[in-house]
Amino acid sequence: MSVSLADPIAFPRGPGWRNRIALAPLTNWQSHDDGTLGDDEYRFLTRRAEGGFGLVMTCAAAVQKSGVSFPGQLAVYSDDHVEGLARLAAGLRARGAASAVQLQHAGSRGNPEISGEQAVSPFAYAKRNVRALTTAEVEQLVRDFVAAAVRCERAGIDGVELHGAHGYMLCQFLNAEENNRDDGYGGSYRNRTRIYREIIDGIRAATGADFQLGVRLSPEKYAYSTDEAIAFAEELLGGGQLDYLDMSLWDSFKLPDESGYHPARLVDVFGRLPRSGGVRLGVAGHIFSSKDAQDCLDSGADFVFFGRGAILHHDMARRAIEEPEFVSKTFPVTRDYLAQQAVGPAFQTYLATGWKNYVAD
Ligand SMILES: Cc1cc2nc3c(=O)[nH]c(=O)nc-3n(C[C@H](O)[C@H](O)[C@H](O)COP(=O)(O)O)c2cc1C
């Protein structure tokens, strides 16, 4: 029998969540230039906890300075970041939500004007002055992901998610066309996925038995085949090391680009993958109503992420649970409306400038 959105969910490690709805990681420009937590980011996230989300995840937070790509981006590369994260952990827990920080390095998409450092990636990209990491730097990157997770644990955050999706650093390692490194971190599937395994093992070794760990992957458009994305998802779901896999599908209900999978939609393709040891599957992408969310659970996902709907409604989780006919508003909306949803001025500006037709004024 299928589960419903209101059902609590347990994981191999860390706290159970009060329901099956997670806040998707959302870059929002609302922290300080040094990466410490800003008041508007705190307000944005704690309002979502008040709005009923089972898990509240932060935006992509940088694990190294060279990995910063946005102004006002939360960071976790220094002990100076721990105090703000501790405030966030306490604020979310007091409101009944589990907490996670999304750990990220932007790779070739790092912004030197903001970070003050040259962008780095698994392979050089001369056009944008991006240099390839040395092997020693790859090993340091692994250690810095682990150190960032340890800082989150020290701050009282319940867990972390590795941002392995959307063409940023970890996803760049997966690139089958360009990641031809010959130092064991490129070339074959095993070698291109190796950095994920090393970070996962490192975090497991360095954190406690109740620290929650997830990985985000995206299956299409990032220069590896859907077959390979499925194989990697299956490996992670079956490996017993993770608490959840977060498949970022952009449109969960879309047919895969590769027609061999049709008529299964993306959510069906990943929803039917076997899992073991209690590892859970979450899906994100175009889930804008109670019915969309239930469709994902019926198709095999264990929980769903709301992204844009949760920007538009701080209480989208509660409403999706309580109102079976609930459908999110759509963009564009006014700055006044966004302010009512605890979306501060910096996030409003990001939505107005980084995305098309999101803000009407
Ligand atoms: C404004 C904005 C910021 C985002 N920032 C992140 C991010 O920091 N990390 C990430 O993995 N995905 C990010 N995403 C993608 C979302 O987490 C989510 O997967 C995507 O929006 C699809 O879900 P939705 O259709 O419910 O919005 C962002 C999306 C938006 C609209």
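Starting from 1, each residue takes its place in the sequence as its number. Both ligands and their constituent atoms are indexed starting at 1 by order of listing.
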*Asks:* With a cut-off of 6.0 Å (strictly less than), are more than 12 heavy atoms of other residues, nucleotides or ligands near CG of D182?
*Replies:* no
*Asks:* Can you name the nearest heavy-atom pair linking R335 to T349, along with the distance?
*Replies:*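 Heavy atoms only, the tightest pair is NH1-OG1, 3.6 Å.
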*Asks:* Decide whether the shortest distance between a heavy atom of S248 and an atom of ligand 1 is less than 4.0 Å.
*Replies:*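 Distance cut 4.0 Å: S248 passes for ligand 1.
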*Asks:* Could R109 and Y168 be counted as a cation-pi pair, given that NZ or CZ must be under 6.0 Å from the ring centre and within 45° of the axis?
*Replies:* yes
*Asks:* Please work out, at 4.0 Å between heavy atoms, whether the side chain, the backbone, both, or neither of H166 comes within that distance of ligand 1.
*Replies:* side chain
*Asks:* Identify, for atom 1 (C) of ligand 1, the protein heavy atom at the shortest distance, and state residue, atom and that distance.
*Replies:* W355 NE1, 3.6 Å
*Asks:* Taking D144 first and then R151, would you say they form a salt bridge - that is, a charged N and a carboxylate O separated by under 4.0 Å?
*Replies:*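 Not counted as a salt bridge, because no side-chain N and carboxylate O are separated by less than 4.0 Å.
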*Asks:* Could you check whether R194 makes a cation-pi contact with Y185, meaning its NZ or CZ is under 6.0 Å from the centre of the six-membered ring and within 45° of the ring axis?
*Replies:* yes
*Asks:* Please identify which atoms of ligand 1 are closer than 4.0 Å to at least one heavy atom of Y350.
*Replies:* 1 (C)
*Asks:* Report, in ascending order of atom number, the atoms of ligand 1 lying under 4.0 Å from any heavy atom of Q102.
*Replies:*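 Matching atoms, with element in brackets: 7 (C), 8 (O), 9 (N), 10 (C), 11 (O).
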*Asks:* If only side-chain N and O atoms count, and only distance matters, is there a donor-acceptor pair under 3.5 Å linking Y196 with D201?
*Replies:* no
*Asks:* Report yes or no: does a heavy atom of A165 sit under 4.0 Å from some atom of ligand 1?
*Replies:*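 No; A165 lies far enough from ligand 1 that no heavy-atom distance drops under 4.0 Å.
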*Asks:* Under a 4.0 angstrom heavy-atom cut-off, which atoms of ligand 1 come close to A60?
*Replies:*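 Here the atoms of ligand 1 in question are 8 (O).
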*Asks:* With a 3.5 Å cut-off and no angle check, do the side chains of S299 and R265 form a donor-acceptor pair?
*Replies:* yes
*Asks:* For atom 22 (C) of ligand 1, tell me which residue out of G285, S252, G307, C59 has the closest non-hydrogen atom.
*Replies:*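 Ranked by closest heavy atom to atom 22 (C) of ligand 1, first place is G285.
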*Asks:* Between the side chains of Q73 and S31, is a donor N or O closer than 3.5 angstrom to an acceptor N or O?
*Replies:* no
*Asks:* For A24, take its heavy atoms, then give the atoms of ligand 1 lying under 4.0 Å from any of them.
*Replies:*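 Contacts of ligand 1 toward A24, numbered from 1: 17 (O).
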*Asks:* Look at the aromatic rings of H166 and Y222 and report parallel, tilted or perpendicular, splitting at 30° and 60°.
*Replies:* tilted
*Asks:* Which of the atoms in ligand 1, numbered in the order shown and given with their element, are less than 4.0 Å from a heavy-atom of T27?
*Replies:*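 Going through ligand 1 atom by atom, the ones under 4.0 Å from T27 are 3 (C), 4 (C), 5 (N), 6 (C), 7 (C), 8 (O).
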*Asks:* Look only at interatomic distance and state if R216 has a nitrogen or oxygen under 3.5 Å from any nitrogen or oxygen of ligand 1.
*Replies:*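 Yes, at least one N or O pair falls under 3.5 Å.
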*Asks:* Backbone or side chain, does any N or O of R308 fall under 3.5 Å from an N or O of ligand 1?
*Replies:*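 Among all N and O atoms of R308, at least one is under 3.5 Å from an N or O of ligand 1.
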*Asks:* Run down the list S69, A284, P25 and name the one with the heavy atom closest to atom 28 (C) of ligand 1.
*Replies:* P25
*Asks:* Counting only heavy atoms not in E83, do more than 12 fall under 6.0 Å of its CD?
*Replies:* no
*Asks:* List every atom of ligand 1 that sits less than 4.0 Å from any heavy atom of F288, numbering the atoms from 1 in the order shown and giving each element.
*Replies:* 25 (O)
*Asks:* For ligand 1, which is the ligand I care about here, please tell me if I311 has any N or O atom under 3.5 Å from one of the ligand's N or O atoms.
*Replies:* no
*Asks:* So is W250 polar-close to ligand 1, meaning N/O to N/O under 3.5 Å?
*Replies:*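 No.
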